[in-house]
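Following: one structure in structure tokens, then a few remarks.
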Amino acid sequence: MPKTPDTAVTGADPARWKALVFIALAQLMVVLDATIVNIALPSAQQDLGISDANRQWVITAYALAFGGLLLFGGRIADLWGRKRTFVVGLVGFAAASALGGAATGEAMMLGARALQGVFGALLAPAALSLLAVTFTDAKERAKAFGIYGAIAGGGGAVGLILGGFLTEYLDWRWTFYVNIPFAVVAALGAYFVIREPAGGRNRSPLDIPGVFLSTLGLVALVYGFTRAETEGWGDTGTIGLFVGSAVLLAAFVATEAFVKHPLLPLRVLTDRNRGGIYLSLGLAVIAMFGLFLFLTYYLQVVKGYSPVMTGFAFLPMITGMIVGSTQIGTRLMTRVPARLLMAPGFLTAGAGMLLLTQLEVDTSYAGLILPAQLLLGLGMGTAFMPAMSLATLGVDPKDAGVASAMVNTSQQVGGAIGTALLNTIAASATTAYLTDHAAGATTPAAQKLVQLQGMVEGYTAAIWWAVGILVVSAGIAFALINAGKPGPGAVAGSGAGTGADDEVRIPVVAH
């Protein structure tokens, strides 16, 4: 694009805005995949003869591979080079998607989903770290991360729409095949357009004990929450997984403190701002996953919406996220400290979630659900944008991949916790409601109404918890994140932490 006073940056890659298109396309593909398969799962289960007991593994196989290998994927990006890792991740993800679409049985489907997770764990941190080292000017970085943040936040809802269309009008297999053109275009574009800054690789030997401990610890943690959803929190296996995860992750932290070339340098975690980002973002994702889960069931089961109608019903939230990220977050990020965007953003999202606690069986979509989604989208878009940018701000270029992986890890673990925790709360509230009211329902119509009211009672009980979680996220963001507004110069590279009222002025990474 032509250089203007706003975009002309000395020493910057002239193809950086073209590169953003392909990075964003890859991110969209990964985020879409998180929800698009959910819509297709009932049809795929029937076609492939997957049992009810095993159907959760279509989701869990992906989550375990993706969540467990993210730190390893981020370190591979630092070691191999982010561009190479990005392209390999795209090609592998496309091949795994083709395998899933062509699946002839349960084993082939579960294997394809696990492979998608493996290559997604390479792709996601490479994409974010490429963005971090490509956009070095404060204003340009704000615009680039605004677009990336909107995709990261709203892509899941887009997946619901696309998944509904493909499943209803074509075939569930297209929810896998649709990834292939995304991946091919992004890989070709990355190969020919993206230029990685010089001197950004970390060629230190791979920390094998760290890889082993972090992967097993994260897999145990994600699977623990997944198992809790089906087997209960008091189940011996669930408790064992949580204890094992705690031991493995504690051993991982101890190992990283002493090894010469750690997989995850503790300086990435102990930075006050990045620690605040990882924690507040992970908690916010817990609330967001609860919304997707309960609102999808509410619209389809209680209101009787089709999959396509359900997808379109999420459009106000997508619109809010785009506006919040690209208009509010982008415009204000270079003018106010990040915490004054993130904390109000989470509180605005919490206000939208608060509206949804008023759901009833006959609630008006236009009167309550639509404005609630707009608030949620605006709040999350405004908060996600500076979070994505600040999570890699001031990181040594050699650590950019693993710092980016921590963003994805906090989101992945947050999603696993959100699905299990809020689903358990909802199920308990529904059971309690039915126990209290079932005796009074003596006709089939009354019994059906009580069932629906019980479901809604469960959803609203869980949504109240989501409201509280978002308030805690806002508090953490306000208390821990003290980076000031970026100065007019460059922001990528290495730098020291800043005070709440200081400007972040960090040298440009050499191209």
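Heavy-atom basis, side chains included; hydrogens, waters and symmetry copies ignored.
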Side-chain donor-acceptor contacts of residues 456-472 below 3.5 Å, not counting sequence neighbours, with atom names and distances?
from	atom 1	to	atom 2	distance (Å)
Thr460	OG1	Val456	O	3.1
Thr460	OG1	Glu457	O	3.0

* To do: Would you please indicate yes or no on a ring centroid separation below 6.0 angstrom for Phe312 and Phe165?
  => yes
Report yes if some heavy atom in the side chain of [X] is under 4.5 Å from a heavy atom in the side chain of [Y]; otherwise report no.
X	Y	answer
Leu70	Leu218	no
Phe72	Leu122	no
Met406	Arg274	no
Arg272	Ile481	no
Trp233	Phe242	yes
Glu256	Pro265	no
Leu340	Pro337	yes
Phe225	Thr238	no

Minimum heavy-atom distance [X]-[Y], with the two atoms named:
X	Y	value
Ser214	Leu249	O-CD2, 4.4 Å
Ala313	Leu299	CB-CD1, 3.6 Å
Gln373	Pro316	CB-CB, 4.1 Å
Ala127	Phe86	CB-CE1, 3.7 Å
Ala121	Ala65	CB-O, 4.3 Å
Ser280	Met342	OG-CE, 3.5 Å

* Structure fact -> With sequence neighbours left out, the residues meeting side-chain contact (heavy atoms from CB on, under 4.5 Å) with Thr382 are Ile328, Leu341
N/O donor-acceptor pairs under 3.5 Å from side chains in residues 346-361, not counting sequence neighbours:
from	atom 1	to	atom 2	distance (Å)
Thr348	OG1	Pro344	O	2.8
Thr357	OG1	Leu354	O	2.5

Using the test ring-ring contact (aromatic ring centres under 6.0 Å, His included), find all partners of [X] that sit at least two apart in sequence or belong to another chain.
X	value
Tyr365	none
Tyr223	Trp57
Phe66	Tyr62

Nearest 0.5 Å please: distance from the [atom1] atom of [X] over to the [atom2] atom of [Y].
X	Y	atom1	atom2	answer
Phe119	Thr85	CZ	OG1	12.0 Å
Leu376	Ile369	CG	CD1	11.5 Å
Ile425	Leu421	CD1	CG	4.0 Å
Arg75	Leu69	CZ	CG	15.0 Å
Met321	Ile318	CE	CD1	8.5 Å
Leu375	Met380	CG	CE	12.0 Å

* Could you give me the CA-CA distance, side-chain angles and deciding distance for Asn273 and Leu480, then say whether side chain to side chain contact (heavy atoms under 4.5 Å, CB included) is met? => CA-CA 6 Å; Asn273 292 292; Leu480 291 184; over 6 Å; no
* Are Phe314 and Thr319 close enough, and set up right, to give a side chain to side chain contact (heavy atoms under 4.5 Å, CB included), and what steps lead you there? -> CA-CA 9 Å; Phe314 278 95; Thr319 303; over 6 Å; no
For [Y], is there any backbone N or O sitting under 3.5 Å from a side-chain donor or acceptor partner on [X]?
X	Y	answer
Lys303	Thr363	yes
Arg339	Asn482	no
Ser245	Gly217	yes

* Within a reach of under 6.0 Å around OH of Tyr433, are more than 12 heavy atoms found that belong to other residues, nucleotides or ligands? -> yes
